[in-house]
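Read through the structure below, which is laid out as structure tokens, and then see the notes.
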Amino acid sequence: MRSAVARALRGVRWYVRELTDESAYDRYVAHVRKDHPQAEVPSRRDFERMRTDRQEGDPRQGFRCC
């Protein structure tokens, strides 16, 4: 019973992280470490700044109101 509840909670956590794109940094770090092992991995703060700048610079990414 406990393992079923734990498995369900892990599934909910995964779903929410994917839905909110919280896992984007984890995927990026895995990509950099795999495909560019000599490159420095940016901090989460730097990653979020790069991502925000890219989204704001590309009109296809949508409108950001605030």
Presence of salt bridge, Arg13 and Glu22, under 4.0 angstrom: no
Connected via hydrophobic side-chain network under 4.5 Å: Val12 and Val5: no
Single-linkage hydrophobic cluster, 4.5 Å side-chain cutoff, Met50 and Val41 together: yes
Residues in salt bridge (charged side-chain N to carboxylate O under 4.0 Å, His left out) contact with Asp26, at least two apart in sequence or another chain: Arg17
Apply salt bridge (charged side-chain N to carboxylate O under 4.0 Å, His left out) to Glu48 and list each qualifying residue two or more places apart in sequence or on a separate chain. Arg44, Arg51
If you measure from NE2 on His36 to CD on Gln38, what distance do you get to the nearest 0.5 Å? 8.0 Å
Working note: Thr20 + Tyr15, criterion side chain to side chain contact (heavy atoms under 4.5 Å, CB included); need CA distance, chi angles, decisive distance, verdict. CA-CA 9 Å; Thr20 61; Tyr15 180 77; over 6 Å; no
Nearest heavy atoms of Phe47 and Pro42, plus distance in Å: N-CB, 4.4 Å
Could you pull out all residues at least two apart from Ala4 that satisfy side-chain contact (heavy atoms from CB on, under 4.5 Å)? Arg7
